Amino acid sequence: MPTQAPLFPEQASTMAGRIDALFFALLGVAGFFTALIFGLILVFAIRYRRRPGRSSVFRTREPLWMELTWTAVPLAIAVGIFIWGAALYVEAARPPAGALQVFVVGKQWMWKIQHPEGPREINELHVPVGRPIRLTLASEDVIHSFYVPAFRMKQDAVPGRTTVAWFEATRPGVHRLFCAEYCGAGHSAMTGRVVVMEPREYERWLEGGGRGETIEASGRRLAERLGCLTCHVPGGGDRGPDLVGLFGKEVRLRDGTARIADEAYVRESILDPAAKITAGYEPLMPTYQGQIGEEDMLRILAWLKSLNEQKPEFRSQKPE
Amino acid sequence: MNRPDDYLNADYSVSSWLLTTDHKRIAILYLLSITLFFFVGGAAAVLFRLELMTPPGDLVGPETYNKLFTMHGVVMVFLFLIPSIPAVLGNFLLPMMIGARDLAFPKLNLLSWYLFILGSAVATTAILMGGLDTGWTFYTPYSTMFAHTNVVTGVLGVFIVGFSSILTGLNFIVTTHKMRAPGLTWFRLPLFVWALYATSLIQVLATPVLGITLLLLVAERGLGIGIFDPAIGGDPLLFQHLFWFYSHPAVYIMILPGMGVVSEIITCFSRKRIFGYPFIAFSSLAIAALGFLVWGHHMFVSGQSAYAGMVFSILSFLVAIPSAIKVFNWTATLYRGSISWQTPMLYALGFIGLFTLGGMTGLVLATLAVDIHVHDTYFVVAHFHYIMVGGMVMAYLGGIHFWWPKMTGKLYSEWWGRVSAAVIFIGFNLTFFPQFVLGYLGMPRRYHAYPDEFQVLNVLSTAGASILGAGYLLPFVYLLLSLKYGRDAGRNPWQATGLEWRTPSPPPTENFARVPEVREEAYAYGAEEAP
């Protein structure tokens, strides 16, 4: 972490250098036009200052080509920058396949972090260098925002939904983590650090940090405790649809419409089960509003997603 | 000596002021009220800038700090900037600029002021009861379910003030359509009138949405009706969409009138007709229209879809184009002019420079990938202060200095005027330029305490703020002194064109003894000096 008085932030992720390049291009454009306008104002204001015996040339008709030029040139520059910025943004919005999953829950005023392998941390995130990390964010109370300047990465954690962000750290080190969305009295204390480690060191940290129950396993335990599997019988029962392979699939609803079973759908189905009923089923399920916190919700979601990955095991039972 | 029949001398009784329907007197009432709020909002800024001198939160506690920046934002946006140019200069000048004796609805105009006073009294009550700590953006669910402060009272104050803004806008639109003097066609109107017209459209169309949003907020907080809090079935992003649907156009309520003032000043002090009149006029309307379609650029990291982000990004780039057109046309107006460096001109030139920098850094924020990094940091704080303070407050002060002789009949000290413009320009840049660097370094906004490596830049900013504060006190002093010691201004001390300069200073209650007739375009400068 920096201790002096830097003028430019460290670049510590794969995106940082690329975002800075765009920023410098923007600075170039801004610098050029600001210098142009300041320069012209100064030159004109001095050169054409009021002097006795000299009056203004008042009947200059403005040529249309001039107006068109200073409309079209900024427009072209703007569109170019937009495309550059949008392309990077889309990349920043889509985590690469095979990214390491980390679950983050913001609450007044701390960051609670859970690794899929089990370890939990507060206000600290340990990650290996050179591997994309996919963050799934949620909030237990108000809006927070997970911000690591050295990675040029920021994403709001919004109550009532999960959001996603990703980064890939490029070298080992320790970086500041801030909450960037105002969240009350402890807002400026809702900070922490991201520790980037060599992969081997990270493995060792995982071992030492209590690699125990994975997030999927604790999600499954929770689902059993809450009685989910009583109705959602594996293989499909009369009372509730099968959960295996459900996530990401299209679900036909009783009203004839269809929905993709994404995180928002699953969350709603748990908290407000009557909102959307799968075709062929009755609205029997009770609400779990108030019984499941955000961390538990993330565990259930992780478990549910893991059921998809188990599918090949079922397939492998078939004759080859 | 003032002429006995001018609007200031018409009657000295208190009731003649509090029950006046004269647009000029109402403008003075607004001037007094918003000047008070400017210094109230400024005092809050002084306190939190002092707090930010050192990294730990040591001068005030976090709750107090949060209340201070909320108070600063709410007071400056809703009680100073939004009414500033329209309600003071617009009220005073619009009827005179179009050769009318008053606005279309003089009583409605007085009602607007009373609503403003009522709303600001309610908001002040909230502050006196202990304040509120939501930030001026009132984001949910913090504001509805988690804040323990006087949110409902504060929000209701803003709600009431909104009606004042709507009625003023309505009054200006009707006045511009119906009350123009004979011969004053749309394309002979001063550009200040075009700017006020575009502003009024936004006030009438956008402010009701703010009112609705604030009522929904009160309904959730006060009655527990789930609208924004997901725990009771609401959606927090819905609030952001509704809030910014008003509050982004509101940024243009806060800058368009300033652009109008600058158009007037630049041409007068260059003694040249404005370059590209129709382009400046229509760019105001283009800004007003496009300004309604960019609100989602406040939500690039909120979790809104990437596609929505892209649409809002390109539209935000587009809204920059009409602003660029204005800046180029103002600059071209200077070319081969006869430029005098008097106080209003210094303010106007300062506006162009600072607005250009504010606008260019706006492009940085409109750029999706870069905004991810600088969103909600001091970069944003610096950017919008360049627009609202470097832009609007400079233009407001430029306008006050330009029309002060008309409003009061007195000339202020030109020397002190130039000093104030220079001090404010320097103090402003020293305050806010370091914040761009802080923002890119990653310092989040609304932080009561911060890491040590940000201290040097924060100290610079606070030092600049003290210069800026002194700069703002200067005009307050010498303008007041001019009322007693200033020389008489005469009808038209700047040899400006425009109908408001054809009547005595201060103007008589009815503005014009005889309704003027207009035979030429605006800004026929140079004609009188032409060989």
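In what follows, chains are A, B, ... by sequence order, proteins preceding strands, each numbered from 1. Please read all numbers here as calculations on a predicted model, not as lab measurements. These values consider heavy atoms only, across backbone and side chains, with no hydrogens, waters or symmetry-generated copies.
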*Given A:Phe178 and A:Phe146, is the ring pair (Phe, Tyr, Trp, His ring centres under 6.0 Å) satisfied, shown in steps?*
CA-CA 6 Å; A:Phe178 292 121; A:Phe146 190 92; over 10 Å; no
[X] portion near chain B, given a 4.5 angstrom heavy-atom threshold:
X        : answer
A:Tyr147 : side chain
A:Val29  : both
A:Gln289 : side chain
A:Ala180 : both
A:Leu137 : neither
A:Thr162 : neither
A:Arg161 : side chain
A:Asp20  : both
A:Phe23  : both
A:Met66  : side chain
A:Cys183 : backbone
A:Arg94  : side chain
A:Thr163 : side chain
A:Leu271 : neither

Go through the atoms of [X] and report whether side chain, backbone, both or neither lie under 4.5 Å from a heavy atom of chain A.
X        : result
B:Ile321 : side chain
B:Val370 : both
B:Tyr142 : both
B:Phe69  : side chain
B:Ser270 : backbone
B:Ser283 : neither
B:Phe146 : side chain
B:Phe454 : side chain
B:Tyr139 : side chain

Ignoring hydrogens and geometry, is there a side-chain-to-backbone donor-acceptor pair from [X] to [Y] under 3.5 Å?
X        : Y        : result
A:Arg47  : A:Phe44  : no
B:Thr367 : B:Leu363 : yes
B:Thr333 : B:Phe275 : yes
B:His448 : B:Val60  : yes
A:Gln155 : B:Val301 : yes

*Could you tell me the separation between the NZ atom of B:Lys272 and the OH atom of A:Tyr48, rounded to the nearest 0.5 Å?*
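Atom-to-atom, B:Lys272:NZ and A:Tyr48:OH are 8.5 Å apart.
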*Rounded to the nearest 0.5 Å, what separation is found between the NE2 atom of A:His175 and the CG atom of A:Leu125?*
11.0 Å
Would you mind telling me which of [options] has the largest number of heavy-atom pairs within less than 4.5 Å of chain A?
options                                : result
B:Gln455, B:Met345, B:Met310           : B:Met310
B:Val374, B:Thr356, B:Asp229, B:Thr137 : B:Thr356
B:Ala320, B:Pro434, B:Ala306, B:Ala366 : B:Ala306
B:Gly61, B:Ala332, B:Ser143, B:Pro236  : B:Pro236
B:Leu318, B:Ile352, B:Ile339           : B:Ile339
B:Asp371, B:Leu334, B:Leu368           : B:Leu368

*asked:* Evaluate B:Tyr447 against A:His187 for ring pair (Phe, Tyr, Trp, His ring centres under 6.0 Å), listing each step before the verdict.
replied: CA-CA 7 Å; B:Tyr447 261 34; A:His187 174 49; 4.8 Å; yes
[Y] versus [X], side-chain donor and acceptor atoms under 3.5 Å:
X        : Y        : result
A:Tyr288 : A:Asp272 : no
B:Asn329 : B:Tyr277 : no
B:Tyr378 : B:Asn458 : no

Under 4.5 Å, counting heavy-atom pairs only, tell me which of [options] racks up the most with chain B.
options                            : value
A:Leu7, A:Val148, A:Thr71, A:Val79 : A:Leu7
A:Leu36, A:Thr34, A:Thr191         : A:Thr34
A:Asp141, A:Ile143, A:Leu22        : A:Asp141
A:Gly85, A:Ala16, A:Ala150         : A:Gly85
A:Leu88, A:Leu40, A:Ile37          : A:Ile37

_Output field: ring centroids B:Tyr440/A:Phe8 closer than 6.0 Å_ =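 Yes; A:Phe8 has its ring centre under 6.0 Å from that of B:Tyr440.
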Under 4.0 Å between a side-chain nitrogen and a carboxylate oxygen: does that hold for [X] and [Y]?
X        : Y        : value
A:Lys154 : B:Asp376 : no
A:Arg176 : B:Glu453 : yes
A:Arg267 : A:Glu294 : yes

*Would you find more than 12 non-hydrogen atoms of other residues, nucleotides or ligands less than 6.0 Å from B:Phe433 atom CZ?*
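No, the 6.0 Å shell around CZ holds no more than 12 heavy atoms from other groups.
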*asked:* Could you work out, with side-chain hydrogen bond (donor to acceptor under 3.5 Å, both in side chains) as the rule, every residue matching B:Thr64, not counting sequence neighbours?
replied: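 Testing B:Thr64 for side-chain hydrogen bond (donor to acceptor under 3.5 Å, both in side chains), a comparison that skips the adjacent residues, returns none.
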_Could you work out, with side chain to side chain contact (heavy atoms under 4.5 Å, CB included) as the rule, every residue matching B:Lys67, not counting sequence neighbours?_
B:Asp133, B:Thr149
